[in-house]
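Structure, as structure tokens:
Just so we're clear, the structure is a prediction, and the values are computed from it rather than from any experiment.
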Amino acid sequence: MSESTELSGSPRIGIAAVCAAMALFAANDAVLKLLSEQIPPAQVMVLRGIVGGVLLLGLVLVTGAGPRLGSGFRPAVLLRTLCDALASVMFVMALMGLPVATVTALIQLVPVVTSIAGVLIFRDRMTRRQLAAVVLGLAGVLVITRPSGSVGAHLLFGIAAVALLAGRDVLTRCTAPGTPSLVVATMTTFAVPMLSIPEVAFQAWQPLEVKAAMLIGLISLLVAVGNLLMVIAVRYSPLPAIAPYRYTAILFALFAGLLLLDEQPDTWMIAGGGAIAMSGFLGLPQVRPPFLLSAKRS
């Protein structure tokens with residue numbers, strides 16, 4: 001894939017990339033939850049980031065992008081990397097004082113913020129269908145998570161995470177076309193464990209069993225490929241076009257929880273999932289939901 005073609009490709013490429021990334025991240029979260037019962041989360045984060053970063057670095061060298069590794073230290077890439085790493089820290093700090101459902105719902109504001117940023121900063125065109133898809137998807141998320149009204153300092157951490165993630169996406173679009181997506185993803189994957197190393201230094205390092213080591217290898221691959229796909233998605237498509245498909249993270253999380261953690265969805269989850277699925281139909285370019293097609297034919 002030529003980097004020079006990025007930002008001019010079909011929005012469908014970005015949509016496919018962001019959906020695949022959300023599926024990989026959901027699988028990572030489920031496996032991470034299983035691992036956290038045996039190994040301290042900070043240790044898992046460090047190992048996952050180092051292994052995933054090494055995998056991407058190897059891919060950079062194999063694909064011949066090694067000579068352009070230096071472009072990963074350009075200001076826009078470094079700032080993007082910092083935003084991504086700090087967002088992870090803010091997310092964890094928010095979880096320390098807020099229900100998971102509340103933080104999950106709060107993070108789903110990112111598609112809304114990035115859509116607005118795309119319109120205001122990059123002059124992306126946001127159609128009524130895309131706006132309706134974003135709103136409907138957010139409504140589905142709220143139905144599923146049913147956040148509580150908890151407020152306080154931890155809520156500010158959650159808001160900071162939203163702002164940092166939106167900033168990350170804006171900066172992704174600002175990176176020079178000559179900077180390979182592989183290099184950007186490699187920088188991101190290495191950054192998060194660097195922030196977790198100080199915490200691990202004050203904890204006892206847990207020895208890894210073979211099964212745990214294999215699972216860490218799996219989530220390292222999932223996160224590495226997911227980071228790469230997210231970079232490609234943002235560089236290929238206008239932000240409003242891919243925004244509704246970030247909500248698929250909730251659907252994939254429900255499936256991952258059911259398959260790997262035996263978490264059974266309730267009626268609210270099914271209803272919210274339906275709203276998110278419909279938002280995906282609305283967001284597809286030149287595609288109408290099935291019931292609208294039937295109405296038009298009649």
Side-chain angles (χ1 to χ4, degrees), residues 3 6-19 21-22 25 74-91 94 103-142 155-177 179 181 184-185 187-188 191-192 226-250 276 279-280 282-285:
E3 295 292 335
E6 291 187 4
L7 296 177
S8 61
S10 167
R12 294 177 185 270
I13 297 177
I15 290 171
V18 78
C19 287
M22 295 301 103
F25 289 147
R74 290 173 177 170
V77 179
L78 288 175
L79 193 54
R80 179 200 182 277
T81 301
L82 181 62
C83 284
D84 203 318
L86 288 177
S88 298
V89 174
M90 293 296 104
F91 181 78
V103 180
T104 301
L106 190 61
I107 292 299
Q108 300 313 313
L109 290 174
V110 173
V112 178
V113 176
T114 53
S115 294
I116 295 172
V119 172
L120 296 179
I121 298 175
F122 302 112
R123 305 300 181 192
D124 288 339
R125 180 172 173 268
M126 187 178 207
T127 66
R128 292 180 180 178
R129 284 168 59 96
Q130 290 170 343
L131 177 60
V134 170
V135 173
L136 182 59
L138 180 59
V141 170
L142 295 175
L155 181 62
L156 297 179
F157 290 133
I159 293 173
V162 171
L164 287 165
L165 289 172
R168 175 203 64 185
D169 289 342
V170 169
L171 288 165
T172 302
R173 287 278 294 271
C174 293
T175 55
T179 304
S181 296
V184 179
M187 295 289 290
T188 299
V192 175
N227 284 337
L228 176 59
L229 289 171
M230 279 303 299
V231 174
I232 292 173
V234 174
R235 295 182 104 184
Y236 256 104
S237 303
L239 295 177
I242 62 174
Y245 299 93
R246 292 174 183 255
Y247 297 131
T248 58
I250 301 295
I276 294 172
S279 76
L282 282 175
L284 277 174

With [X], which residues qualify under side chain to side chain contact (heavy atoms under 4.5 Å, CB included), at least two apart?
X    : result
A166 : V113, T114
L164 : C83, L86, A87, M90
I116 : V112, L120
A76  : T175

About how many Å separate [atom2] of [Y] and [atom1] of [X], when rounded to the nearest 0.5 Å?
X    : Y    : atom1 : atom2 : answer
D169 : M230 : CG    : CE    : 5.5 Å
L79  : L171 : CG    : CG    : 4.5 Å
R168 : T81  : CZ    : OG1   : 10.5 Å
T179 : R235 : OG1   : CZ    : 6.0 Å
L229 : I13  : CG    : CD1   : 12.0 Å

inquiry  = When you measure from the side chain of D124 to the backbone of L239, do you find a donor-acceptor pair of N or O atoms at a distance under 3.5 Å?
reply    = yes
So do the side chains of [X] and [Y] get within less than 4.5 Å of each other, counting heavy atoms only?
X    : Y    : result
V231 : N227 : no
F122 : P238 : no
V119 : P240 : yes

Return a table of donor-acceptor pairs under 3.5 angstrom between the side chains of residues 135-142 and protein atoms on other chains or two or more places apart.
none

remark   = Those residues at least two apart in sequence (or on a different chain) that pass side-chain hydrogen bond (donor to acceptor under 3.5 Å, both in side chains) with T172 are R80
task = Scan for salt bridge (Lys or Arg N to Asp or Glu O under 4.0 Å) pairs involving residues 109-121, sequence neighbours excluded, and state none if there are none.
result = none
Minimum heavy-atom separation for [X] and [Y], please, with both atom names.
X    : Y    : value
V110 : R246 : CG1-NH1, 4.1 Å
A85  : A191 : CB-CB, 4.0 Å
V134 : S115 : CG2-OG, 4.0 Å

